[in-house]
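Below, chains carry the letters A, B, ... as their sequence lines are ordered, and counting in each starts from 1. Bear in mind the structure is a predicted one, so any value in this text is a computation, not a measurement.
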Protein chains: 2
Amino acid sequence: MTERPLLPLLEDATPERRDAARNREALLVAAQALIDSCGIDGLTMDAVAAKAGVGKGTVFRRFGSREGLMAAVLDFSETEWQAAVISGPPPLGPGAPAMERLLAFGRSRLERNLMLADLIRAAGWSGPRGFAVYSFVAMHTRYLMSELHVTGDIAVLATALLAPLEVPVLDQQVRIEGMEIDRIMEGWEDLAHRITQR
Amino acid sequence: MTERPLLPLLEDATPERRDAARNREALLVAAQALIDSCGIDGLTMDAVAAKAGVGKGTVFRRFGSREGLMAAVLDFSETEWQAAVISGPPPLGPGAPAMERLLAFGRSRLERNLMLADLIRAAGWSGPRGFAVYSFVAMHTRYLMSELHVTGDIAVLATALLAPLEVPVLDQQVRIEGMEIDRIMEGWEDLAHRITQR
DNA sequence: AGTGAAAACGGACCGTGGTCCGTTTTTATT
DNA sequence: AATAAAAACGGACCACGGTCCGTTTTCACT
């Protein structure tokens with residue numbers, strides 16, 4: 001749990017003080033434990049502080065806000081996932097044809113976003129962390145699209161291809177309309193073909 | 001400000017008591033005034049209650065939550081917009097070819113979502129109101145797509161076409177990446193052509 | 001080891017969203 | 001008009017996110 005995020009856009013120049021590092025570690029462990037036992041909604045900042053054995057001020061000094069704490073918890077699995085895309089086995093990782101990689105990418109992202117929906121929602125879609133996450137996903141999609149020789153405004157088309165995989169949209173389809181996941185995935189593959197063809 | 005929402009899926013069987021109706025009216029007026037003067041973030045439920053001259057409990061009895069109140073405020077402009085789509089002048093309203101209507105629809109929705117972004121964000125994307133709004137937009141999109149003889153899973157493709165117009169996605173593009181609105185719109189038109197062609 | 005400045009800590013404190021329940025208003029009925 | 005049940009009201013109250021500032025810890029430098 002001490003690994004640093006992939007793609008460290010701006011690494012801190014000065015390292016953390018020892019007590020700070022120890023407390024961050026304890027807070028993340030406490031937060032994960034509380035999420036497991038009480039669920040996301042049942043987690044309070046006071047409880048996290050108490051469980052980690054630190055004052056509440058420390059939690060906010062480290063993570064800025066509740067959203068920030070959630071984003072930090074989410075960061076573990078995100079980093080892992082990004083590693084699988086960058087250097088894992090094909091077809092998600094490198095080695096497969098671009099179209100296969102794209103389809104594997106979409107399926108994997110969709111499954112992940114559904115599995116972590118509560119946490120992603122609680123982490124908010126703003127802030128620097130959210131930006132970094134989006135940047136990675138968008139960059140990879142644009143790369144695959146350029147490999148497929150897609151014509152047009154690739155940045156915008158990539159966004160359009162990614163948007164249906166985001167949690168608010170999936171929530172609408174799955175939770176409210178009760179749509180099957182396989183059907184959503186098939187629809188997304190169709191979309192991928194339509195956007196990349198020509 | 002007393003009109004009822006379009007497409008009243010479930011109209012209340014029993015009408016409101018007179019004091020209840022009067023208070024709702026006063027609360028909506030107060031909320032709108034506070035939004036205009038303090039902005040969405042500066043609006044507090046206590047302030048709305050005070051300005052409307054009622055107790056705080058009444059606000060929550062009427063609207064359930066802050067999100068609910070915001071959704072109710074939003075409902076005015078949403079109703080107006082839906083009316084323009086259903087019975088306004090072409091190309092947004094009926095009378096133009098389906099493809100022109102679709103493009104006008106996308107542009108209009110995009111502009112609206114950007115203009116009301118703060119309010120839409122504060123209203124939340126869940127709850128029955130959000131569902132009703134989404135239902136209308138999705139239904140209309142599916143209708144236009146069927147007019148265009150689009151093949152495939154129309155419900156899923158309509159969602160894919162609408163997703164890039166949603167506030168979280170637009171936020172990312174406009175606010176964070178600083179993308180121009182015209183560019184986003186051109187990209188969306190391209191997307192509409194790719195999804196509907198074949 | 002001693003020292004001073006910078007960084008981090010802790011928990012009392014505050015504002016706001018949301019609840020609860022005793023009181024008041026409305027409305028249907030006679 | 002009187003009455004009673006139902007609905008709505010109001011504001012004290014609570015919980016939680018977030019802030020503030022006096023105290024403690026760390027660390028670089030001597």
Quick one: A:Phe60 CZ to C:dG11 P, roughly how many Å, whole number?
15 Å
Which nucleotide sits closest to the side chain of A:Arg17: D:dT25, C:dC9, D:dC9?
D:dT25
What is the distance, to the nearest angstrom, from the CD atom on B:Glu16 to the P atom on D:dA6?
20 Å
A:Asp118/A:Arg121 salt bridge by N-O under 4.0 Å criterion
yes
Atom pair distance, as rounded to whole Å: CZ in A:Arg24 and P in C:dC9:
10 Å
Nearest to the A:Asp19 side chain among D:dG18, C:dG10, D:dT25, which nucleotide is it?
D:dT25
How long is the line joining NZ of B:Lys56 and P of C:dT23, in whole Å?
21 Å
Can you tell me the distance, in whole Å, between the CZ atom of B:Arg62 and the P atom of D:dA7?
12 Å
Minimum side-chain heavy-atom gap A:Arg61-A:Asn23 below 4.5 Å
no
Phosphate OP1/OP2 of C:dA8 contacted by A:Thr58 side-chain N/O (<4.0 Å):
no
So B:Leu43, base contact, sugar-phosphate only, or nothing? Heavy-atom distance under 4.0 Å.
sugar-phosphate
Among C:dG17, C:dG10, D:dC9, the one nearest any side-chain atom of B:Asn23 is D:dC9
Rounded to the Å, how far apart are B:Phe63 CZ and D:dA8 C1'?
14 Å
Nearest-angstrom distance from the residue atom CG of B:Leu27 to C1' of D:dG10:
13 Å
Mind telling me whether A:Phe136 and A:His140 have parallel, tilted or perpendicular rings, with 30° and 60° as the class edges?
parallel
Compare all side-chain heavy atoms of A:Phe60 with those of A:Leu69 and state whether any distance is below 4.5 angstrom.
no
Closest-nucleotide 5' rank along DNA chain C - winner of B:Met45 and A:Val54:
A:Val54
For B:Arg61 and for B:Arg18, locate the closest nucleotide of DNA chain C by heavy-atom distance; then report the residue assigned to the nucleotide nearer the 5' terminus.
B:Arg61
What's the CG-P distance between B:Asp41 and C:dG17, to the nearest Å?
11 Å
Side chain to side chain contact (heavy atoms under 4.5 Å, CB included) between B:Leu162 and B:Phe105, worked out
CA-CA 10 Å; B:Leu162 291 171; B:Phe105 174 86; 3.9 Å; yes
